[in-house]
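Order of listing sets the numbers, starting from 1, for every ligand and every atom in it. Being a predicted model, the structure only gives us computed values, none of them experimental.
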Amino acid sequence: MMDIVSSYNEWDHLEEIILGIPDYACIPQDEPAYRSKLDAADLNTFTAGLRKDETIQKARVQFDNLARILEYQCNVKLLRPEKIDYSKSIKTPFFEIENQNCAACPRDTLLVIGNEIIETPMSNRARYFESMAYRKILNDIWEKDKNMLWTNAPKPTMADSMYNLDFPWDDKSKERKDWIESYKYVTNETEPVFDAADVLRLGKDLVVQNSFTTNRKGIEWLRRHTKSRGYRVHEIHFPGDLSPVHIDCSLIPLVPPTNERKGILMNCPERPIAPADKERIFSGSNWEIQSAPMPFTTKIPELCQSSYWLCMNLLLVSPDRAIVEETEIPTINYLESLGIKCLRVPFRDVYGFGGGIHCVTSDIRRRGDRKSYFPNFD
Ligand code: ARG
């Protein structure tokens, strides 16, 4: 009997993956975790609720094209989530909202560590039940794969007490900069929270971004949860990012280390790793950190929740092949100079749904097993 769930890093040969969907996608209602991600200009102008039909249709075309490339060009088995009506309200003992988010970005919700899939706590109210879209998939795999571990991390309350309600919403303000520089965010430390997309999986080492979506308690939860299996969890910060959410537009592994040469990670030039973190994690490691090229354009759709650094949000389907947004020419040229062939897909119509090509996928299985790429921690 073959193991279905097995993925330890971001580059080994991909065999099976979940790809999100745009159906019933909504703009979330105003709430602290959403507000903190918006540009000051958007703060008081957006309308919550179902996205326009036309916007969803356009995104669907690009999703389906990516699906075909994954299936037929890369030979990857594809799973898609269930369609759930996110325009429905939810009410828990601790909060109430008019509508939810979407199932476009499984990378945020499902954390795959080896043979385990963790439904992560999340910290946006609109995303409280997001992992339910993947329950059928998870249940099905769990029945077939006797080695799969299926875990649900502690569900937070998402009550007002979980947030710093005095957070400086204006992302251009000096106060906001001061908060970020002292690693104070919109979520506080009352309950553990983390999103899967804050975790960079590098074999035995998990590099986890402390951010709006992942607090220190969340990182500690992951540390204790994975410790007995020999994982090492490292907290990292990118103080130049005034809306720190998810690591996959800040630090991306491109070339894995071998005995002959160091591996390469690209780091966003506007968000360098905090010097103390860089020293603690990477000095003496098998990694070299290079600066990512600037994006092709700094234009992004309105209410995007992401920045133009989505240009870094690529998916490696094997160590020498990546899927990259077709207009991100500087990224493509850089990758090709490293010997990585790029499959180019149009994906800008999906950016507004919460992310790019990496965000909208979640690994199920990649060939190869767990290794250490950090002799400094062995
Ligand atoms: N915070 C990132 C940026 O704007 C966006 C990350 C999106 N990633 C994701 N997995 N949804 O640069």
Problem set entry | atom 12 (O) of ligand 1: the protein heavy-atom neighbour that sits closest, reported with distance to 0.1 Å | Ser307 OG, 2.7 Å
Problem set entry | Distance from atom 11 (N) of ligand 1 to nearest protein heavy atom, with residue and atom | Gly354 O, 2.9 Å
Using a 4.0 Å cutoff against the non-hydrogen atoms of [X], which atoms of ligand 1 qualify?
X: Asp248; result: 6 (C), 7 (C), 8 (N), 9 (C), 10 (N)
X: Asp108; result: 9 (C), 10 (N), 11 (N)
X: Cys359; result: 7 (C), 8 (N), 9 (C), 10 (N), 11 (N)
X: Ala197; result: 10 (N)
X: Val245; result: 1 (N), 2 (C), 5 (C), 6 (C)

Problem set entry | Cluster link Val245 to Tyr185, ILVMFWY, side chain under 4.5 Å | yes
For this session: For atom NZ of Lys371, decide whether the heavy atoms of other residues, nucleotides or ligands shown that lie under 6.0 angstrom number more than 12.
Result: yes
For this session: May I ask you to check if ligand 1 and Trp309 share an N or O to N or O distance below 3.5 Å?
Result: no
Exercise. Taking 4.0 angstrom as the limit, do Arg216 and Glu220 come out as a salt bridge?
Worked result: no
Exercise. Taking 4.0 angstrom as the limit, do Asp12 and Arg366 come out as a salt bridge?
Worked result: no
For this session: Determine whether the aromatic ring centres of Tyr34 and Phe46 lie less than 6.0 Å apart.
Result: yes
Seminar exercise, completed: Logged contact type for Arg271 with ligand 1, heavy-atom cut-off 4.0 Å, is side chain
For this session: Tell me which part of Ser306 gets within contact of ligand 1: side chain, backbone, both or neither, using heavy atoms under 4.0 Å.
Result: both
Seminar exercise, completed: Apart from Tyr231 itself, its cluster of hydrophobic side chains linked below 4.5 Å comprises Tyr8, Leu111, Ile113, Ile118, Phe194, Val199, Leu206, Val208, Ile219, Trp221, Leu222, Val233
For this session: Report the residue from Val112, Asp248, Val360 that forms a side-chain contact (heavy atoms from CB on, under 4.5 Å) with Arg107.
Result: Asp248
